[in-house]
Participant: 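Here's a structure for you.
Since the structure is predicted, the reported quantities are computational estimates derived from the model, not experimental observations. FYI, the numbering just counts along the sequence from 1. One-based numbering, in listed order, for ligands and for the atoms of each.
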Amino acid sequence: MAGCQNNPGKQTSDIKMNLTKELYGEVDGKEIFQFTLKNENGITVKLINYGGIVTHLLVPDKNGKTEDVVLGYDNLPQYLGDTPYFGAIVGRYGNRIAKGEFELDGTAYKLATNNGPNHLHGGVKGFDKVVWDAEEFVFPEKAGVILNYLSKDGEESYPGNLDVKVTYTLTNKNELKINYEATTDKATVVNLTHHSYFNLKGQGNGDILDHHLQLMADRYIPVDQALIPTGELREVKASAMDFTTPHSIGSRIAKVDGGYDHTWAVNDFDGKKIRLAAKVTEPKSGRMMEVYTDQPGVQFYTGNFLDGSLTGKQGKAYNKHSGFCLETQHYPDSPNQPDFPSVVLRPGEKYETGTVYKFGIEEEGNRCRGKASCMLEHSSAYSVIGDW
Ligand code: BGC
């Protein structure tokens with residue numbers, strides 16, 4: 001449905017967005033396409049319907065110079081090989097479930113243990129490794145792709161046929177919006193997220209330790225050696241986890257065993273409201289990214305397990321800390337933590353959540369309103385899903 005069929009009143013000339021689609025390869029006899037979305041301000045997003053992977057995200061800097069700010073690969077065969085979830089949709093349960101075990105309505109479920117003793121990111125073949133059906137759309141101020149996947153009852157040992165829809169939308173306000181929806185025919189657990197590794201200097205241009213981060217979170221979730229929550233929500237105050245005011249990522253990372261790989265409990269969670277969760281700036285380029293979500297948490301991961309062994313786009317080697325992830329989600333191991341917000345989805349209910357990655361320019365701590373190079377039109381809040 002490329003074009004303007006969904007908006008018959010509009011003339012083609014009103015359309016400020018651009019969307020193209022190219023064959024990218026084939027998996028299991030199914031065609032994989034790469035969709036290219038462009039807005040008027042020089043932002044380009046490329047994504048594929050294998051794993052729902054965002055392969056490229058081009059963003060101008062304060063001088064209008066564009067860089068690709070996500071890590072990834074140049075072609076499909078590489079994505080079919082070893083990848084630490086570059087750019088992918090992660091599910092059915094993003095993050096870890098201790099020992100791969102949980103109980104729901106009196107039935108014990110045993111999932112794959114694909115991360116030491118624990119279950120990680122949906123198992124051996126999670127949503128990052130499946131082919132999604134895809135349908136594109138273009139409106140005057142936004143364009144995107146709707147991805148659909150039916151995860152069968154018993155897939156990766158999860159209960160229930162889960163009908164999943166993920167919509168990626170690029171807007172003319174420099175937002176990449178991700179809307180997740182799901183329904184089930186049996187009680188199950190769901191926690192979907194997106195796994196882009198960002199580097200606002202451009203992928204392969206060094207590490208992210210000099211980026212400045214602010215997290216709108218007074219508490220985080222301490223974990224054990226295997227990164228399973230202890231059950232506590234701890235105040236960040238006076239610790240290396242305190243990003244309530246902006247800090248460079250590298251300034252205190254040495255105090256955190258292994259680097260940052262934790263969930264922060266984003267303030268002001270009410271299950272509905274989309275609020276600012278994180279803001280990252282890269283001082284030299286001026287690029288800025290804000291993350292808005294309705295989810296209770298955000299996993300901030302500093303690419304600690306990247307070790308230079310993966311060669312990414314344009315032959316760039318990805319070393320430790322060459323990208324960071326901000327994965328909006330429920331807390332890890334929620335199926336086993338009665339005090340954490342519930343991740344159970346039941347027949348008749350609808351799982352519906354939204355996250356926005358919004359790009360702009362910030363120079364020396366000041367918003368550059370009025371400058372030609374400044375793309376940002378700051379929007380302080382998204383009230384509820386559907387509002388956007
Ligand atoms: C996790 C890391 C994990 C990585 C996989 C992140 O979401 O928090 O612990 O290694 O995904 O690449």
Participant: Any protein N/O atoms within less than 3.5 Å of an N/O atom in ligand 1? List the atom names and distances, or say none.
Facilitator:
from, atom 1, to, atom 2, distance (Å)
ligand 1, 7 (O), His121, NE2, 3.0
ligand 1, 7 (O), His195, NE2, 2.9
ligand 1, 7 (O), Glu327, OE1, 2.7
ligand 1, 7 (O), Glu327, OE2, 2.9
ligand 1, 8 (O), Asp261, OD1, 2.5
ligand 1, 8 (O), Gln299, NE2, 3.0
ligand 1, 9 (O), Arg96, NH1, 3.3
ligand 1, 9 (O), Arg96, NH2, 2.7
ligand 1, 9 (O), Asp261, OD1, 3.4
ligand 1, 9 (O), Asp261, OD2, 2.4
ligand 1, 11 (O), His121, NE2, 3.0
ligand 1, 11 (O), His195, NE2, 2.9
ligand 1, 12 (O), Pro84, O, 3.3
ligand 1, 12 (O), Tyr197, OH, 3.0

Participant: Run the salt-bridge test on Arg92 and Glu155 with the 4.0 Å N-O cut-off and return the result as yes or no.
Facilitator: no
Participant: How would you list all residue pairs meeting side chain to side chain donor-acceptor pair (under 3.5 Å) that involve residues 245-257, not counting sequence neighbours?
Facilitator: none
Participant: For Glu67 and Ser285, what are the C-alpha separation, side-chain angles and deciding distance, and is it a side-chain hydrogen bond (donor to acceptor under 3.5 Å, both in side chains)?
Facilitator: CA-CA 10 Å; Glu67 287 279 356; Ser285 65; over 6 Å; no
Participant: Which pairs count as side chain to side chain donor-acceptor pair (under 3.5 Å) when at least one residue sits in residues 104-113, sequence neighbours excluded?
Facilitator: Asp105-Arg346
Participant: Using the test side chain to side chain contact (heavy atoms under 4.5 Å, CB included), find all partners of Asp339 that sit at least two apart in sequence or belong to another chain.
Facilitator: none
Participant: Kindly indicate, with the supporting measurements, whether the criterion side-chain hydrogen bond (donor to acceptor under 3.5 Å, both in side chains) is fulfilled by Asn319 and Asp207.
Facilitator: CA-CA 8 Å; Asn319 295 307; Asp207 66 44; over 6 Å; no
